[in-house]
**Student:** 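One structure, as structure tokens, below. Some questions next.
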Amino acid sequence: MVWLDIGQGTKIAMPLHTTEAIVIGGHDLGEVDRIVVFYTEKLGKVRAVASGARRVRSKFGAALLLFTYGRLVFFERVGKGLHRVNEFAILRPFEKLRTDLEVLAHASYLVELLAASTSDEERNEELFHLLLQALGLLEKGHDSFPIARAYEIRLLRSIGYLPELQSCVICRVPLEPATPLAFSPGEGGLVCPDCQSGRKDIYLVSTTALGFLRMALKLSLDRMGRINLPGTSREELVEVLQAYIRHLLHRDLRTLDFLRAYATLWKAR
Ligand SMILES: [Zn+2]
């Protein structure tokens, strides 16, 4: 605990936290400061002011660049929601994520999705490690596409929005993979042939695409990154996951345009 003197003998308590964290966003504040958004291991998403971060000789150097993984020490401003960065020591800079446009597009999408789908200061260690692992695999040069899709479905499960992938979400009949299946973003899962008639918001899902989603919930991201998906299944997966995520967030993410422009694997649109 640190006591900050705010004058006239009044001191306010500022608890000090240390946690591993990844920079997932930020914007400039005033002349020389920056507000940095971190995804931390111990406290989930945290926003904090890095004083003087834009000065030439800032003590933070290049540590606050997007994707940097490090050890964060910050003062908690109780009840204010905006804390103060004391120190951010780089553990892994992930600089290669910024050198290839396609990798950059995918990595930017992963952090934006995490930022958009989580609330401030809700601890979720699983999400922290999911992001850390995904960024590591992208940096190693694994195929970004299956990693991004596996990341999406695991993130959805972790925040409590896993779509129904085993039974019809409307009539609850268990679904065999051979049945012609469809996915409804509004209903939040698969829809059997009987319940598909008359519905407009449905996307066809092949056995391969469904198999990928089910597998992604069980296997490691590393193994998912080695799966060679045919082009049609890639298109289906993008369609279905994007429609569902758009339904949940009520908007498109900004990085989607970036992905569409630069990612050659993004063929669905
Ligand atoms: Zn049904």
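One-based numbering, in listed order, for ligands and for the atoms of each.
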**Student:** Using a strict cut-off of less than 4.0 Å between a Lys/Arg side-chain nitrogen and an Asp/Glu carboxylate oxygen, indicate whether Arg84 and Glu76 qualify as a salt bridge.
**Tutor:** no

**Student:** Above 12 or not: heavy atoms from other molecules or residues under 6.0 Å from CZ of Arg55?
**Tutor:** no

**Student:** Can we say Glu236 and Arg234 salt-bridge, meaning some charged N sits less than 4.0 Å from an Asp/Glu carboxylate O?
**Tutor:** no

**Student:** Tally every protein N/O/S atom whose distance to the Zn ion (ligand 1) is less than 2.8 Å; waters are neither shown nor counted.
**Tutor:** 4

**Student:** Does Arg149 make a cation-pi contact with Phe145, if we ask for NZ or CZ under 6.0 Å from the ring centre and within 45° of the axis?
**Tutor:** yes

**Student:** With Arg98 as the cation and Phe67 as the aromatic partner, state whether NZ or CZ is under 6.0 Å from the six-membered ring centre and within 45° of the axis.
**Tutor:** no

**Student:** Could you please spell out the steps behind the side chain to side chain contact (heavy atoms under 4.5 Å, CB included) verdict for Leu248 and Leu156?
**Tutor:** CA-CA 10 Å; Leu248 294 177; Leu156 289 166; 3.6 Å; yes

